[in-house]
Amino acid sequence: MNFTLIGLWGHMGPFAKLIVIVMGVMSVLSLLILVERALVFRTARRNSRRFASELATLLANGDFDTAAHVKLGPDVGYLGRTIRAGMTAYRTASDDDRNEVMESVARNLERQAQREVQGMKRGLGQLATVASTAPFVGLLGTTMGIVTAFQQMGEAGAGGIGNISTGISEALVTTAFGLLVAIPAVMGYNSLQGWVDARAVDLAEASNEFLDVVARVLKRSRVAAG
């Protein structure tokens, strides 16, 4: 037996080949998700940082009208969309009671933050599925391969490990393929999930800071009116 990829493929049975093809598709899918999410996350973080750097002073001073009309391009990142949702709620409910304004802004910030987090998680479910199922798919191929090897030994009427070692080695290849697919998927999923969790904390902190600014603006407005 030739222990190369081509040699192994040539000795595999139809079921083992099907398992390898399935895992090949799973591997490509996981790699596409990893690359797409990495690019999306990098762009989103860059846009959010640009939004924060250009509007931090205006927002801290409560100048929401000027901040709302600053042109930052078509994408302001997850942070910009969340804060803008809060500014929209403030302008809409600015004539209401102070507590109602605060509640409206808080609800809008929370809803938009949840949307942003869910958007960041897009594709991670499929990646987790690949990471968790790939070893079992490979094990299925190994199990069926060993069963086939023993059947062939029984049909040949011969015993001994030497007669079935080739079939078992072919079967174990599918487990190796499963691990090769699962390991990068697990590492990628953990990395991306950690990034999403960190951004969720960033959004929560930014939302709380924006609520503090809104509270100060409302307090100044009440003092001026009084």
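Quick caveat: nothing in here was measured; it's all calculated off a predicted structure. Scope of the values below: all heavy atoms of this structure, side chains included, with no hydrogens, waters or symmetry mates.
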Step by step, would you call Q114 with Q118 a side-chain contact (heavy atoms from CB on, under 4.5 Å)? CA-CA 6 Å; Q114 289 176 349; Q118 285 302 117; 5.5 Å; no

Does one hydrophobic cluster hold both [X] and [Y], with members joined at side-chain heavy-atom distances below 4.5 Å?
X: L139; Y: I19; value: no
X: V186; Y: V181; value: no
X: M144; Y: L18; value: yes

Counting N and O atoms only, with roles assigned by atom type, does the side chain of [X] sit under 3.5 Å from a partner on the main chain of [Y], one being a donor and the other an acceptor?
X: T82; Y: L109; result: no
X: S48; Y: A44; result: yes
X: T43; Y: V40; result: no
X: S132; Y: T129; result: yes
X: N108; Y: G86; result: no
X: S191; Y: G188; result: no
X: R216; Y: L211; result: no

Going by the angle between their ring planes, with limits at 30° and 60°, are F41 and W195 parallel, tilted or perpendicular?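 Ring orientation, 0 to 90° scale: parallel.
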
Euclidean distance, [Y] [atom2] relative to [X] [atom1], rounded to 0.5 Å:
X: L59; Y: E54; atom1: CG; atom2: CD; result: 11.5 Å
X: L55; Y: I83; atom1: CG; atom2: CD1; result: 10.0 Å
X: L58; Y: M87; atom1: CG; atom2: CE; result: 9.5 Å
X: M23; Y: T174; atom1: CE; atom2: OG1; result: 5.5 Å

Do E116 and Q112 have side-chain N/O donor and acceptor atoms under 3.5 Å apart?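 Looking only at side-chain atoms, Q112 and E116 do form a donor-acceptor pair, the distance falling under 3.5 Å.
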
Might you point out which heavy atoms bring V130 and S30 nearest each other, and give the distance in Å?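 In terms of heavy atoms, the two residues are closest at CG1-CB, 4.1 Å.
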
Looking at R42, I want to see if its CZ is surrounded by more than 12 non-hydrogen atoms of other residues, nucleotides or ligands under 6.0 Å.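 Open.
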
